[in-house]
Amino acid sequence: MNDKVESQYKSTLNLPDTEFPMRGNLAKREPELLARWEQIGLYQQIREARAGRDRFILHDGPPYANGTIHAGHAVNKVLKDIIIKSQTLNGKDAPYVPGWDCHGLPIELKVEEKVGKVGENLSASEFRKHCREYAAEQVDSQRTDFKRLMVLGDWENPYLTMDFKFEADIIRTLGRIIDNGHLHKGFKPVNWCSDCGSALAEAEVEYQDKKSIAIDVKFAFAEPAKLAQAFGIESTLPASLVIWTTTPWTLPANEAVSVHPQIEYSLVQLTEQQELLVLASDLVKDALQRYGIDDYKVLATANGAAFAQLPEQNEAPFMLLHPFIPTADGQPKAVPVITGEHVTADSGTGAVHTAPMHGADDYVVCNQFGIESEQMLVDDAGNFVATPVLEALELAGLSTADKGNFRVLGLLAEKNALLKKEKFEHSYPHCWRHKTPIIFRATPQWFISMHQAGLLDKAMQEADENVSWRPSWGKARIESMMGNRPDWCISRQRTWGVPIALFAHKQTGELHPQTPELIEKVALMVEEQGIDAWFDLDASTLLGDDAEHYNKVTDTLDVWFDSGVTHTAVCLQRDELQMPADLYLEGSDQHRGWFQSSLLTSVAAYGHAPYKTALTHGFAVDGQGRKMSKSLGNIVEPKAVMNKLGGDILRWWVADTDYSGEMTVSDEILKRTADAYRRVRNTCRFMLANINGFNPATDMVAGDELLPLDAWIIAYSRELQDTLIAYYNAYDFKALTKALMNFCVSELGAFYLDVIKDRQYTCKADSLPRRSAQTALYHILEAMSRWIAPVLSFTAEEIWENLPGERTASVMLSEWYQDFPAVSDETLGDAYWRRILEVKQAVNGALEKARGDKTIGASLSAELDLYVSDALKTELEKLGDELRFVLLTSEVRLHAMADEGDATELDGLRIQVSASAKEKCERCWHHSDSVGSDSQHPTLCQRCVDNVEGDGELRRYA
RNA sequence: AGGUCUGUAGCUCAGGUGGUUAGAGCGCACGCCUGAUAAGCGUGAGGUCGGCAGUUCAAGUCUGCCCAGACCUACCA
């Protein structure tokens with residue numbers, strides 16, 4: 001307290017007082033609030049309170065049930081929560097049912113680490129049990145962290161894609177999509193183990209060194225002269241494109257040769273052989289050396305695009321003759337030269353033998369050019385099948401692993417197409433169980449066709465016409481992605497997934513004629529026992545004698561299908577939800593993911609989109625805008641922020657940041673965020689401290705009795721509320737936080753609160769001047785606690801608890817504040833006070849100058865002489881004697897404009913500041929002639945005497 | 001490599017249809033107050049509007065190119 005003696009009159013003041021602490025101590029106290037929410041069943045109470053009201057359905061996209069939550073999770077959940085809470089305050093019934101995506105490979109990998117692989121250490125069924133347990137643990141762990149973010153939802157009843165009922169509904173939805181004619185059976189290359197006789201998942205493949213035979217093979221151009229022209233020269237010599245491969249056995253399945261459009265190729269003339277070869281320019285030297293040819297010359301060069309088909313072209317400019325596969329009429333089979341981005345000039349020849357049945361890249365590139373193989377030439381055991389052509393070539397029945405491979409080499413040699421053959425050791429995929437090399441082999445896979453029943457067209461139409469994409473570029477994004485996508489391959493060769501519960505005829509591959517009924521039967525079983533019901537099922541149980549003719553499909557569904565059908569398994573199943581949902585809200589990556597899988601499955605099953613609006617947010621990145629990564633060490637973990645700064649700080653950050661692009665987080669940003677939070681908090685605290693002793697039931701001042709300044713701030717607040725609600729409804733939270741902040745700083749901090757302090761502290765406790773201001777503060781707090789509730793969920797509740805009067809158990813059980821008193825003052829309205837603020841600003845400038853001169857210190861030690869225009873004078877006189885309270889000075893004298901004082905930024909205003917020579921009142925600190933006029937209180941001014949023991953001073957304006 | 005998006009003071013953000021010295025809040029510096037005090041009030045200093053070129057009498061705002069970053073394409077949720 002320094003050496004100053006505390007005034008004996010201090011006890012006669014009404015100083016601010018509140019239990020509401022200056023510092024939030026959020027990390028410690030937020031969990032206490034969460035416990036209380038849980039204890040009173042807040043989420044359920046809100047449901048009951050909003051039962052029957054208009055609904056707002058934000059449907060939760062399921063995060064994957066693996067790993068601790070990161071900033072991206074936090075952003076997503078908090079944004080959802082802000083929307084849910086603001087809609088709840090709108091009076092809507094806005095349930096939030098969180099969910100998790102539980103099947104799939106990442107969980108399989110985690111479980112494998114723990115218990116080993118299926119078939120080695122345990123059965124598939126046991127493995128699935130472990131997966132289920134693991135996923136449940138992950139859900140629990142993530143749920144705890146999500147709740148800690150103060151996200152309100154039905155956490156005790158979330159949806160899990162591994163719930164038996166959910167699994168059954170996935171199968172039912174698949175059935176519906178099949179009924180609508182979208183299912184299609186096709187071929188696609190997968191990892192295939194000839195020993196297992198089955199496809200392997202990526203996780204079942206391990207890489208080991210393998211010795212292969214690498215060969216360089218000539219593919220002769222059908223029209224060599226034309227080729228020479230493409231290189232800009234004339235020649236009639238035979239010409240070949242040379243490919244290099246380590247899998248000779250795939251050559252019978254060749255359908256094309258790929259070159260890179262931008263790589264340069266050389267046309268090389270072999271002097272001795274009198275023929276031309278096309279090789280990537282960078283590889284000419286190596287290749288010819290490999291072939292033992294040193295007598296050659298490069299005739300010309302050209303980019304691949306000059307002699308190969310581009311995706312936008314309808315036909316290939318050049319065809320090659322397959323070295324040994326004939327067509328039906330005995331002529332060599334012709335295959336096109338195409339361009340592919342997968343081609344490199346790092347090794348080989350720069351031209352890639354392309355067999356869509358045996359390579360992933362090959363399949364993709366052939367798809368692009370509409371090239372399809374008619375038949376799979378290799379059987380389940382890895383042997384060539386017996387087609388007439390292969391029989392004639394003596395390939396039929398030979399194993400691709402050895403004899404078949406050698407026979408291909410022989411054929412090439414016979415046809416003089418083999419330039420080189422050598423041993424080649426490389427890393428090659430092997431079956432994890434048999435430790436044998438695998439092959440790429442196209443197998444039957446299930447697809448959802450984009451075209452056969454018009455799915456793509458309808459989905460595009462829905463996206464275009466019936467969904468609002470926000471930001472608007474989301475529409476172009478998803479349309480472009482869907483437009484380019486191939487048929488959706490929904491088959492996976494996995495253990496932990498929902499089965500494609502179908503029976504396919506052993507010979508024809510046709511689905512069983514009773515498929516719809518069978519699917520429902522299976523679904524009922526899965527509903528009881530989970531997906532194991534299918535895997536354990538003996539086909540004869542359902543098919544009877546038919547079983548011998550049908551294969552039970554054991555592929556699992558792509559997990560995107562699982563999460564894609566939440567519209568059915570969740571929105572249609574839960575009474576509190578509905579479909580289509582009002583809003584899906586996910587990261588921008590989900591245009592390719594969930595937004596799309598949901599749209600496609602919904603359109604396929606029901607013919608319409610599952611959401612009315614798709615809102616997107618960006619990714620959390622570091623202060624420099626770079627993605628977070630372990631190696632950069634720039635990861636911001638929600639948990640750490642939570643434990644250090646608190647959830648409300650993190651939530652304010654989410655709200656304050658423009659989520660339409662990348663969202664930057666760093667220590668500095670969070671520090672600024674915490675600063676902003678403290679400002680809002682302290683403003684509320686000051687208001688709470690100043691309604692100390694105010695009982696709204698008995699002390700509230702009626703609208704028409706309020707002092708004009710108080711009426712103004714109430715009217716201002718009411719208008720601000722409309723603005724804030726509009727921001728919430730537009731999901732523009734950064735505008736909201738800025739508006740809130742500005743209100744606290746400008747209208748309140750720098751003006752209203754500063755001005756009313758004198759009245760609050762010095763007037764009689766129960767006087768009209770004080771009660772009027774308290775009435776205003778009370779209304780503002782009632783409104784403010786709701787304004788901030790969707791964002792600052794903890795702090796809002798804290799204010800709520802500290803407000804006087806009967807109220808609900810949580811601010812979230814209320815709606816936007818509607819009990820502002822009707823106030824209207826035409827003469828002293830908003831325009832008037834804005835004018836006063838301009839004057840105050842000019843006065844501040846003058847006071848600051850006087851302070852610099854050491855003329856004054858505190859503004860109450862100053863007196864003002866204002867030289868003003870007639871118009872301004874009329875305005876200022878409206879406040880009479882109380883102008884000094886607004887300007888926070890001891891005295892203000894108004895004069896007609898004259899050449900006195902200093903000019904200000906305002907035209908009609910000149911100001912003279914002087915230090916008051918009058919006595920300072922010990923109690924109110926104003927300087928006044930009246931100090932000492934009462935002998936009982938020699939250190940007080942007259943109005944303080946009135947306030948201490950008289951009837952109290954009168955205030956009419958401020 | 002391609003597609004989409006983003007780039008305004010140290011930080012977070014405003015800046016309809018191009019038009020005076022580019023704004024706000026925070027932070028920072030300085031000052032005041034000590035009856036909001038690990039607070040509050042005031043004043044002030046900070047910007048090549050990512051860069052370059054162009055259209056125009058005039059561009060942060062239109063066009064092109066470039067740079068940096070993010071997301072998506074290699075079936076991975």
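Naming: A, B, ... by sequence-line order, numbering from 1 per chain. Only this structure's heavy atoms are used, side chains among them; waters, hydrogens and symmetry mates stay out.
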At under 4.0 Å between heavy atoms, what does [X] touch on the DNA or RNA strands: base, sugar-phosphate, or nothing?
| X | value |
| --- | --- |
| A:K854 | sugar-phosphate |
| A:A750 | sugar-phosphate |
| A:N682 | base |
| A:K671 | nothing |
| A:R626 | sugar-phosphate |
| A:K734 | sugar-phosphate |
| A:R851 | sugar-phosphate |
| A:A689 | nothing |
| A:T664 | sugar-phosphate |
| A:G618 | nothing |
| A:W653 | nothing |
| A:R485 | nothing |
| A:Q590 | nothing |
| A:I669 | sugar-phosphate |

Inset, instruction - For A:D758 and A:R943, run salt bridge (charged side-chain N to carboxylate O under 4.0 Å, His left out): C-alpha distance rounded to whole Å, both residues' side-chain angles, the deciding distance at 0.1 Å, then the answer. - result: CA-CA 12 Å; A:D758 179 79; A:R943 70 183 186 104; 2.9 Å; yes
Any strand counts, and the cut-off is 3.5 Å on both contacts for Watson-Crick or G-U wobble. Which nucleotide pairs with [N]?
| N | value |
| --- | --- |
| B:C65 | B:G51 |
| B:A70 | B:U4 |
| B:C41 | B:G31 |
| B:G19 | B:C57 |

Inset, instruction - Using the closest heavy atom to pick a nucleotide of RNA chain B for each, name whichever of A:K738 or A:I856 lands nearer the 5' end. - result: A:K738
Inset, instruction - Quickly work out the A:L645 CG to B:A38 P distance and round it to whole Å. - result: 19 Å
Legend entry - A:N484 CG - B:A1 C1' separation (whole Å): 15 Å
Legend entry - Contact summary for A:F447 and A:D487, nearest pair of heavy atoms: CD2-CB, 3.8 Å
Inset, instruction - Please indicate whether A:D667 has more than 12 foreign heavy atoms, meaning atoms of other residues, nucleotides or ligands, lying under 6.0 Å from its CG. - result: no
Inset, instruction - Assess whether one donor atom and one acceptor atom, taken from the side chain of A:R679 and the base of B:C26, lie less than 3.5 Å apart. - result: no
Legend entry - Of A:T12, A:T762, A:T939, the residue whose pairing with A:R923 passes side chain to side chain donor-acceptor pair (under 3.5 Å): A:T12
Legend entry - Ring geometry between A:W473 and A:H591 (parallel below 30°, tilted from 30 to 60°, perpendicular above 60°): tilted
